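The structure presented is a predicted model; accordingly, all values stated were derived computationally and were not measured. Worth knowing before you read on, the calculation uses all heavy atoms, side chains too, and leaves out hydrogens, waters and symmetry mates.
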Amino acid sequence: MANKLTLAILGPGGVGGLLAGLLSRAGHHVICLSGGDTVTHLRTHGMRVRSARFGDFTVPVAADTELRAPVDAVLITVKHTALDAALDRLPAAALGDALLVPFLNGVEHPASLRARYGPEAVAPAVIRVESTRVAAGVIEHASPFAEVDLTGAQVARVRLDALAGALSEAGPTTRVLPDETAVLWAKMAFLAPFALLTTRHGLPLGEVRTRHRGDLTALVAEVAAVSGACGGPADPAAALARYDAFPPATRSSMQRDAEAGRPLELDAIGGALLRAAERHGVPVPVAARLVRELRDAGY
């Protein structure tokens, strides 16, 4: 990869739009892949970011409904529920040897992407951020942090380092880490309790951690046990401390999707957790109840 990269953003929503704006501002060539209306808006108005940390700015970005020329990397920032349809925007002839970097919730997607594109092409990433698309091409970054962990044991390290350097230069604190399982389960161990409880009760994190403290504590312990069984981190006390440090008004993206009537990543998060627990014989009664109640509610 060159110092200045050509990067496709598959799904310029809250995360993808923030990364597109920051990377474009840093001088990289950014192509946003999305539906026709969003493409038209981005071509005309560019990407607007409102961020207390990174500032308020608007930058030009290229936009198209599918990839038409080779790029250094594709950042996959769609919701898991939209992944299959979104991948149709990546024709094999145009994709070439691009690095595929999924910023997806859950732990099961790397295997399916590797089956489709090959193990050396997929570099999973996780991002810790609160960022929302409030309109086409308009992103509000609310959290005081934006942190990326990039991994992929079968990807050439020089490619990971080049992308990590580009992201860090653009703004998000970015690390290349060797243990993919630890990276994915560290995110899952925090996300699953947060997403399931805020969505089930329709409450921000501050009220969940006080009004439903028992379920939160039990669920954190369950997820930590599953993570440990899978080879990931298992520190429920540290997870609870992180929840307690978050601003009380924080809401999960799953909760926001539920409130907006959008499909939920319930299977990618809750379903994947239950499947991993079953494989390893770990009892997860609170997680099972919450997933069941959300499914019974029509999610």
Side-chain angles (χ1 to χ4, degrees), residues 15 75-77 79-81 83 100-115 119 122-130 145-155 160 164 172-199 205 215-246 250 252-254 264-288 290-291 294:
V15 168
L75 310 188
I76 302 174
T77 53
K79 296 282 189 179
H80 206 289
T81 52
L83 178 61
L100 300 175
V101 186
F103 286 81
L104 294 173
N105 292 324
V107 294
E108 297 176 338
H109 56 276
S112 62
L113 288 170
R114 287 184 174 120
V122 180
V126 301
I127 185 167
R128 291 174 289 278
V129 71
E130 185 179 1
F145 53 84
E147 302 167 348
V148 174
D149 289 341
L150 183 63
T151 185
Q154 299 176 81
V155 177
L160 298 177
T173 303
T174 304
R175 306 180 296 178
V176 176
L177 298 176
D179 189 337
E180 179 177 312
T181 298
V183 168
L184 293 175
W185 273 101
K187 174 72 178 287
M188 182 74 147
F190 178 80
L191 177 64
F194 176 38
L196 294 175
L197 283 167
T198 56
T199 305
L205 180 57
D215 271 0
L216 176 61
T217 302
L219 186 54
V220 165
E222 289 179 5
V223 179
V226 177
S227 175
C230 292
D235 191 343
L240 279 173
R242 286 187 65 200
Y243 290 126
D244 287 337
F246 263 60
T250 303
S252 69
S253 60
M254 184 188 287
L264 302 192
E265 294 182 301
L266 182 58
D267 187 65
I269 299 171
L273 173 64
L274 298 186
R275 287 187 288 273
E278 183 176 10
R279 283 196 304 273
H280 292 279
V282 178
V284 287
V286 175
L290 290 168
V291 171
L294 285 165

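With rounding to the nearest 0.5 angstrom, the CG atom of Leu104 is 7.0 Å from the CG atom of Leu113. With rounding to the nearest 0.5 Å, the separation of NE2 in His80 from CD in Glu265 is 7.5 Å.
Between Ala182 and Pro233, the shortest heavy-atom contact is O-CD, 3.7 Å. Considering every non-hydrogen atom in both Ala224 and Ala234, the closest pair reads O-CB, 3.3 Å. Between Thr151 and Leu177, the shortest heavy-atom contact is OG1-O, 2.9 Å. The two atoms that bring His280 and Ala229 nearest to each other are CE1-O, 3.4 Å, heavy atoms only. Smallest separation of non-hydrogen atoms from Thr181 and Gly232: CG2-N, 4.0 Å. Nearest approach of Met254 to Ile269, heavy atoms of both residues: CE-CD1, 3.8 Å.
Shown here are the salt bridge (Lys or Arg N to Asp or Glu O under 4.0 Å) partners of Arg128, two or more places apart in sequence or in another chain: Glu147, Asp149. Applying the side chain to side chain donor-acceptor pair (under 3.5 Å) criterion to Glu180, with sequence neighbours excluded, gives Arg114. Residues forming a side-chain contact (heavy atoms from CB on, under 4.5 Å) with Glu278 (at least two apart in sequence, or on another chain): none. With sequence neighbours excluded, the residues forming a side-chain contact (heavy atoms from CB on, under 4.5 Å) with Ala189 are Val223, listed by chain and number. The side-chain contact (heavy atoms from CB on, under 4.5 Å) test applied to Ala218 returns Val286, not counting sequence neighbours. With sequence neighbours excluded, the residues that form a salt bridge (Lys or Arg N to Asp or Glu O under 4.0 Å) with Glu108 are Arg275. For Asp235, the salt bridge (Lys or Arg N to Asp or Glu O under 4.0 Å) criterion is met by no residue, not counting sequence neighbours. In this structure Tyr243 satisfies the ring pair (Phe, Tyr, Trp, His ring centres under 6.0 Å) test together with Phe190, sequence neighbours excluded. Scanning for side-chain contact (heavy atoms from CB on, under 4.5 Å) contacts around Thr174 gives Val148, Ala164, Leu167, Ser168, Pro172, with sequence neighbours left out.
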*Criterion side chain to side chain contact (heavy atoms under 4.5 Å, CB included) on Met188 and Leu273, from CA distance to verdict*: CA-CA 8 Å; Met188 182 74 147; Leu273 173 64; 4.0 Å; yes

*Hey, mind stepping through Ser253 and Glu130 against side chain to side chain contact (heavy atoms under 4.5 Å, CB included) and telling me if it holds?*
CA-CA 8 Å; Ser253 60; Glu130 185 179 1; over 6 Å; no

*Please report the C-alpha distance between Phe194 and Thr250 in whole Å, then the side-chain angles of each, then the deciding distance to 0.1 Å, and finally whether the side chain to side chain contact (heavy atoms under 4.5 Å, CB included) criterion is met.*
CA-CA 10 Å; Phe194 176 38; Thr250 303; 3.6 Å; yes

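Contact annotation: the side chain of Leu264 never approaches that of Thr81 to less than 4.5 Å [non-hydrogen atoms, C-beta and beyond]. A 4.5 Å side-chain heavy-atom check between Glu222 and Pro236 finds every atom pair outside the cut-off. The shortest side-chain heavy-atom distance between Val122 and Pro102 falls under the 4.5 Å cut-off. Put simply, the side chain of Phe103 does not reach to within 4.5 Å of the side chain of Ile76, judged on heavy atoms. Looking at Val183 and Leu150, their side chains never come closer than 4.5 Å, going by heavy atoms from C-beta outward.
Within the structure, the side-chain hydrogen bond (donor to acceptor under 3.5 Å, both in side chains) test picks out the following pairs touching residues 182-199 (sequence neighbours left out): Asn105-Lys187, Thr198-Ser252.
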